[in-house]
Every structure is written in C-alpha cells, then in structure tokens.
Amino acid sequence: DAEIAPRKDALNNQIEEKNTQISALAEVVSDLNSLKADMTSLSNTTQLSPTSANTALGIAVSDSALAKEFTADVTVVSLATAQTIEFDDFTSPTAAIGSGGVTIELGTWASPYGAAGSNFTSSSTSSFSVSSTTTLSAFAAQLDAVTGVNASVLDVGDGTYSLVIKSELGASNAINIDVTSAGGVSGSTTSLNAFDTDTSGVASVQKVVAADASLTVDGITVKRSTNSITDLFDGYTVSLNSTYTTAPFRVSAATDVDSAYTAMNSLVSSINVTKSLFKGLTDREADGALADDPVVAAIERKLDSYFNGGITGFFTNSVYMSELGVSTNRDGSISLSESKFRTAMATQNSSTTAGGNNLFNSVFNSSVYSDSPLLKVEKSNYIDPTAGVYAFVQSTGNPPSATIDGSGSNISTYDADTAPYYTSSQTNTAGLKITPTTTSNITSANIFVGTSLLEQISTYIDTVLASSGDLTTRETTLGTQLTDYQIELEDTEAKTAGIRERYMSQFSAMESAVTSLKGTGDYLTNMIESWNSDN
C-alpha cells in the first residue's frame, strides 16, 4: 500500500477531474445549442407592425432595412388571374390526338377574345413534336414541361375528359398555341389542329382571361402581374386576397416598441443564462470545473466581444448594444434599461434617412442597403460579403462602369445598353448585386453590408460546435487523456500482484534465513552449555 496507494490515488483524482471536465463541456455544448435556438427564434424580429384594415389585403415586413413607417389608403379593384384554356369532349385520357409540330408562345393577347394570332404579342416560344402515337395524357405532359405552362387532363364527370391548360398569373403570361404540319388520326376526323389558337383565336376555348391585378393607392391606379407584390411599399410584401372597391381602407405600419422591448429583453435574458454558466465553470476561486480550460476561456472571451463590441455595416460608425440601453453589471451579467431603450427607438424612428431603423436591426436583422435613393442593393443567397461600409461610384460611358472603394476590378457590368446593373466578386463585396435607377454619374453613395449580432453569434456557435470545432476537439482531447489515465490505473493495479508476490518471496526467504540462524544459535548455545557443564 505504501508503494501503490499514492499512485492509484493520483490517477483516480486525474480520472475524476477529466470526467468532471467532460461533463462540464457537455453543459457548455447544451447551453450553446440553447443559445443558438434562442438566436434563431429571435432573428428577423422587426420593430415595425404593419396592419391592414381589410382582409382583402395582407401585409408583412420583407426587408427590415428598407421598411419604414407609412400610411396609405387602398382599394383592390381586381386580382391577377391566370389564363385557363379548355379543350373538351374527349372520350378517354388515352385518346389519340393527331400528330405534327407545336409551338407554345407566352405573351400578351391584345384582345383577350381576339380572332387571330395577330392579336398576340409573343415574349418567348417553345416548340416540340407530337407523334401519331401520342395520347391526350402524353400531350398534356409535353405541355406541362414548358416553363410557364401547367397542363393536365380533367375527368369532367359526365363520361368525357378535358385538356386544361393554365398560364402563370398576369396579362403578359398568356398562352398561344401554334400548330404546324398537323396530321389527323387514322380513320377519324380528329386532328392536332383542334388545339390551334394562333389561327382560330382563343375565344372559344378560353375560360379565364390572363389579367394583372389592379388596385389604387392613395388614388393612384397600380397594376401588377401577381397577387404577391414586393415593390409597392419598400420593405413590405403585399398579398391581395380578394377585391374590395366599396371605399378605400387604411394600410399602415407603425413601430411597436412594446414588442421590440420584449424581444430585446428576451435576448438579454438568453445571454445572461450563458454568461452565468461560463462564469460558474471558469471561476478559479470557486474551483470551477473548467477554470483552467483554454478553449472554454477563449469561447467566453469571444462571446463577450460580441455582447460588448461594435456592430459594423449598419451606419457609417459602429453600433453598440449600449445605444439601446444595454449595460454590463459588476458580476459580468448584462441588463436592459427600458427607458433608454424606448428613447433610442424613438430617436431612430424620427430619422428619415436610409438606415434609420437599423439601430434595432443591427441586433436582430442582417441587411444590405445604400444611403443613395438611386441604388438598389441585393445580396446573393450563396455568398456572404464582409460586413462594412463601401463607397460606390458609377461613371457613364460606353459601357458604363462602377467602382467600389475606388477599385473597378472584379466588378461585372450587365445590360449596359438598357438598364445597367453590376455584380461584385471582390474579396469583401463578393455576392453583391447593385442596380442603379439612373444611367447618369453617381459620385457619392455608400453601400452598407450589416451582419446582425444574432447572425454573428449563431455563425460562431455553429463553428465551435462543428465536428472539427474547438469544443469537439477539446472533448476528444479530454477523452483521450481520460483513457490514458484509466489504462495507467489498470496497469498499476495489475502490478500490485507482482509487487505483493515479490514482497512475499523476500519475506519467506528472510524468514527462512532467520529460522536457520536461530537454529544455529540454539545449537551453539547448547554446545557452549555442554562445554561449561563438562568443566
């Protein structure tokens, strides 16, 4: 025991420490997953509350960077419709339809019930051939494969079948069918010409006319090719549900400070839960399980940098949570001042400049926008540009050109002769599409690329929790160390028997030697006593 117990105690202590650290790391992983879930649920929270006084129209925020408070009076005159064409009285879905060539044209009927193809203005065409073995169902499948066309065979219910062809919504998406080189069905008068609308017109087979939606906004007539409108009010999507022309009804958006405060308070609470866990696990004075763990300490510092650091890309200067009333307490937790938050919200909403709402958005909503009304800025779904503020200049020429932060390299120009737009593949701005509303020079404009606090934290959490992330690597390292200590303990326990056997062997040999020496001593004593008695 004197030789083995100290080593076993040391190994058992190491094993217990590693188990405690691994368990604590599991707490960190669980908490970060919870924080990520909170970030996801709070992301895209808007401080604006859009309302419609009539169910004929619905409205929702689509881009918080562009959305602002507004009021408008609206009537919904008509909805956008898709053209519906019916060819009826077929006896079976497998009925033969004839053969020939078919050209599908998408465009606009100048007169919806026009009698000739000259009334149709085509914007795109698609052609295919129909063989003599093609059935009605197979023909419907060929039509349905054409972009912008939906076709199917409908069982009418009276023993007959109809070929139903529908366009996309909007007057400019109507369909014209031009049949060429038509052949009839053997032994029948049926011919592919029955489907031609280019010559005979569409009046006799058209059930619904392709039409644009029509509405009035503050007395101004507006038409759109869809019932889901994204360019009527900047930053909002308008959904037309039904017509309503009795009287104008109010559509508006106002800041809901109560909901905004609730969202910010929820964020602060989530952050404090994470801060409290990290503080307990890394506290040296309280012998925290991860007090000396470099990886967890680095994660704690990184999270603090998000909570306390500046957020770029929303204004010319960085934005801080303190501007929204968030402050750090002595114990490391953070708190939210409701009065300061409400004052900040009132101040930002009084701004009429681009990005006026972005004090709140910098926490909850990533955005790209320009401070120039002459620029529309969009971001790719596949490439994330680096957050920041970039100077944009457009120079007229043949073709026109653009620079970002003074450099024109890796900026591509499209539609230069009509309405130019630019895409960037520069390192920091890759993925941006910039569309000017003018072909004149633009000498002073800024592009703002902002990554919200929530998105930054979520992305970082994904990184550290990834299979190759810091926490996974650290857990693997601790697991390896635990295994090594367990193996060493097993080896130590295995050596105990050998040590005990060695000591027993040595003891036996010593006992034998002592017994032998004692016997020799007894012999000598007896012999001396014998000598003495003889004298």
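All values derive from a computational prediction rather than experimental measurement.
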Hey, does the side chain of N227 reach the backbone of N241 with a donor-acceptor pair shorter than 3.5 angstrom?
no
Pairwise side-chain contact, L336 with Y261, heavy-atom cut-off 4.5 Å (strictly under)
yes
If you define the side chain from C-beta out and look only at heavy atoms, does anything of V28 sit under 4.5 Å from L290?
yes
Within a reach of under 6.0 Å around CE of M510, are more than 12 heavy atoms found that belong to other residues, nucleotides or ligands?
no
N/O donor-acceptor pair under 3.5 Å between Q394 side chain and S440 backbone:
yes
E168 and N150, any side-chain heavy atoms less than 4.5 Å apart
yes
Write out all pairs satisfying salt bridge (charged side-chain N to carboxylate O under 4.0 Å, His left out) with one or both partners inside residues 308-321, taking only residues at least two apart or from two chains.
none
Any side-chain heavy-atom pair from L281 and V296 closer than 4.5 angstrom?
no
Donor-acceptor contact below 3.5 Å, side chain S370 vs main chain S372:
yes
Are any side-chain N or O atoms of K379 and backbone N or O atoms of V449, one a donor and one an acceptor, separated by less than 3.5 Å?
no
Less than 4.0 angstrom from a charged side-chain N to a carboxylate O is my criterion; do D144 and K166 meet it?
no
Under 3.5 Å, is there a donor on one side chain and an acceptor on the other for N329 and S335?
yes
Please round to the nearest 0.5 Å and tell me the distance separating atom OG of S305 and atom NZ of K302.
4.5 Å
Check whether any side-chain N or O of N308 sits under 3.5 Å from a backbone N or O of D304 as a donor-acceptor pair, and report yes or no.
yes
Between CG on residue L303 and OH on residue Y460, distance to nearest 0.5 Å
6.0 Å
In this structure, CG of L324 is separated from OG1 of T343 (nearest 0.5 Å) by 11.0 Å
Any salt bridge linking R224 with D231? Criterion: basic side-chain nitrogen under 4.0 Å from a carboxylate oxygen.
yes
So, does T472 use its side chain to make a donor-acceptor pair with the main chain of S468 at under 3.5 Å?
no
Between S367 and G450, is there a donor-acceptor pair closer than 3.5 Å when you use the side chain of the first and the backbone of the second?
no
Look at the side chain of N33 and the backbone N and O of V29, then say whether any donor-acceptor pair between them is shorter than 3.5 Å.
yes
Roughly how far, to the nearest 0.5 Å, is OG of S424 from CD1 of I404?
4.0 Å
Whether the D38 and S270 side chains hold a donor-acceptor pair (N or O, under 3.5 Å, no angle test) is what I'd like checked.
yes
Is there a donor-acceptor pair under 3.5 Å between the side chain of S269 and the backbone N or O of N265?
yes
Going by distance alone, is a donor N or O of one side chain under 3.5 Å from an acceptor N or O of the other, for E455 and S43?
no
Whether the side chain of N365 engages the backbone of N44 through a donor-acceptor N/O pair (distance < 3.5 Å, no angle test) should be reported.
yes
